[in-house]
Amino acid sequence: MIIEFLRNPKNTGSIISSSQFLVQEMISHISPEGTVIELGAGSGVITRKLATVQSVDTIYAYENNSIFYKSLTKINKTICVSDLFTMKERHQHQKVKTIISSIPFVNFSAETKTKALHDISAVLDHGGKLIQYTYLNRCPFGAENLHNNKLILTKIKKVWLNIPPATVFVYEKDDSL
């Protein structure tokens, strides 16, 4: 993981894998129904934990790093996809209730964040959750971008037992906005 971070720190958001405490906080918010989309699956720490959850049928793990991608293909219940921007087309006819994201959106341009959030909102069902963590104490998307994509912040939790400490943001899609 360190080597991948040194090769491309903008796309590999951390030097080490997420702690069990961060993974548990992320997993605790998933919907008990079927399919989970994981964005920025990285080394698969969250993916492996998701695979042990009985109610999860399929995990679509989006990861553009070829080394991480290869290791993700070995995890039970997992379908690996390399390009985040194929998500909207791939899942447009599904009702996805949970999207977990480890993508370091704070490192991306406003345009990329806006497009990504639009695609996330397009596949997320009403009442579905986007669970995103960041190492900063602020939302990586911005209030206007969230509102335009019908997402409401429902929970923020700081996970101190992670290196570095992380903040988990839980957003819920509300089609009535």
Side-chain angles (χ1 to χ4, degrees), residues 5 9-31 33 35-50 53 56 59-65 68 72 81 83-88 91 96-174 177:
F5 179 81
K10 276 192 153 193
N11 284 339
T12 304
S14 181
I15 294 175
I16 61 172
S17 295
S18 300
S19 73
Q20 65 179 340
F21 303 100
L22 177 56
V23 172
Q24 190 54 48
E25 180 60 29
M26 299 285 283
I27 299 292
S28 73
H29 300 285
I30 67 169
S31 173
E33 301 165 23
T35 298
V36 174
I37 294 175
E38 183 183 8
L39 306 177
S43 64
V45 164
I46 295 173
T47 318
R48 279 190 286 284
K49 186 69 174 176
L50 282 169
V53 177
V56 174
I59 305 157
Y60 285 90
Y62 285 79
E63 178 54 57
N64 67 359
N65 179 300
F68 292 152
L72 291 166
V81 186
D83 185 0
L84 162 67
F85 294 109
T86 63
M87 177 181 57
K88 184 177 170 183
H91 302 286
V96 176
K97 288 289 190 184
T98 304
I99 298 177
I100 290 182
S101 175
S102 301
I103 292 179
F105 282 114
V106 294
N107 296 340
F108 295 170
S109 70
E111 181 182 327
T112 301
K113 284 191 265 195
T114 298
K115 180 169 178 14
L117 198 60
H118 175 76
D119 289 1
I120 288 167
S121 180
V123 302
L124 203 56
D125 194 20
H126 175 74
K129 294 178 184 174
L130 166 61
I131 306 156
Q132 169 76 49
Y133 80 86
T134 180
Y135 298 121
L136 301 178
N137 288 326
R138 63 179 170 83
C139 164
F141 302 110
E144 184 177 347
N145 200 2
L146 289 167
H147 182 73
N148 290 344
N149 287 288
K150 302 178 187 268
L151 292 165
I152 310 167
L153 178 63
T154 58
K155 183 169 184 179
I156 301 173
K157 171 120 188 234
K158 187 74 166 185
V159 179
W160 293 101
L161 296 173
N162 191 69
I163 299 172
T167 305
V168 176
F169 293 88
V170 181
Y171 307 97
E172 189 170 310
K173 176 137 182 228
D174 184 349
L177 290 177

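Since the model is a prediction, treat every value here as computed from it, not as a measurement.
- A donor-acceptor pair under 3.5 Å is absent between the side-chain atoms of Ser121 and the main chain of Leu117, judged by distance alone.
- His147 contributes atom NE2, which lies 10.0 Å from atom CG of Asp174 (distance to the nearest 0.5 angstrom).
- Using a 4.5 Å heavy-atom threshold, the side chains of Val106 and Tyr135 count as separate.
- Side-chain N/O atoms of Glu172 and Thr154 include no donor and acceptor closer than 3.5 Å.
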| request: Report the C-alpha separation of Glu63 and Glu38 in whole Å, then their side-chain angles, then the decisive distance to 0.1 Å, and conclude whether the side-chain contact (heavy atoms from CB on, under 4.5 Å) test is met. | output: CA-CA 9 Å; Glu63 178 54 57; Glu38 183 183 8; over 6 Å; no

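- Heavy-atom minimum distance, Cys139 versus Phe169: N-CZ, 3.5 Å.
- Under the rule for a side chain to side chain donor-acceptor pair (under 3.5 Å), Ser31 has no partner lying at least two apart in sequence or in another chain.
- Enclosure of atom NZ in Lys157 is not indicated, since only 12 or fewer non-hydrogen atoms of other residues, nucleotides or ligands lie within 6.0 angstrom.
- Interatomic distance, Met26 CE to Leu50 CG, rounded to the nearest 0.5 Å: 9.0 Å.
- Between the side chain of Asn162 and the backbone N or O of Ser19, at least one donor-acceptor pair lies under 3.5 Å.
- At a threshold of 4.5 Å between non-hydrogen side-chain atoms, the residues Val23 and Tyr133 do not count as touching.
- Tyr171 and Phe141 have perpendicular rings, their planes meeting at more than 60° on a 0 to 90° scale where under 30° would count as parallel.
- Judged by distance alone, the side chain of Gln132 and the main-chain N or O of Ile103 form a donor-acceptor pair under 3.5 Å.
- Going from atom OH of Tyr62 over to atom OG of Ser101 covers 12.5 Å, rounded to the nearest 0.5 Å.
- Annotation: the span from Ile152 atom CD1 to Lys173 atom NZ amounts to 11.5 Å, rounded to 0.5 Å.
- Distance check: Lys129 NZ to Leu124 CG gives 11.0 Å after rounding to the nearest 0.5 Å.
- Using modelled atom types, one side-chain atom of Lys150 and one backbone atom of Leu177 make a donor-acceptor pair closer than 3.5 Å.
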| Hey, mind stepping through Thr114 and Phe108 against side-chain contact (heavy atoms from CB on, under 4.5 Å) and telling me if it holds? | CA-CA 10 Å; Thr114 298; Phe108 295 170; over 6 Å; no

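- Interatomic distance, CD1 of Ile100 versus CD1 of Ile27, reported as 4.5 Å (0.5 Å rounding).
- When Ser17, Ser102, Ser18 are each tested for a side-chain hydrogen bond (donor to acceptor under 3.5 Å, both in side chains) with Ser43, only one passes: Ser17.
- Of all non-hydrogen atoms in Ala116 and Leu84, the two that sit nearest each other are CB-CD2, 4.0 Å.
- Contact record, His118 with Asn149: CA-OD1, 3.1 Å, taken as the closest heavy-atom pair.
- Contact detail for Glu25 and Lys155: the closest heavy-atom pair is OE2-NZ, 4.0 Å.
- Between Asn137 and Lys158, some side-chain heavy-atom pair lies under the 4.5 Å cut-off.
- Across Asp119, Val123, Thr35, Ile131, a single residue satisfies side-chain contact (heavy atoms from CB on, under 4.5 Å) together with Ile99, and that is Val123.
- Side-chain contact check for Leu39 versus Met87: some heavy-atom pair is nearer than 4.5 Å.
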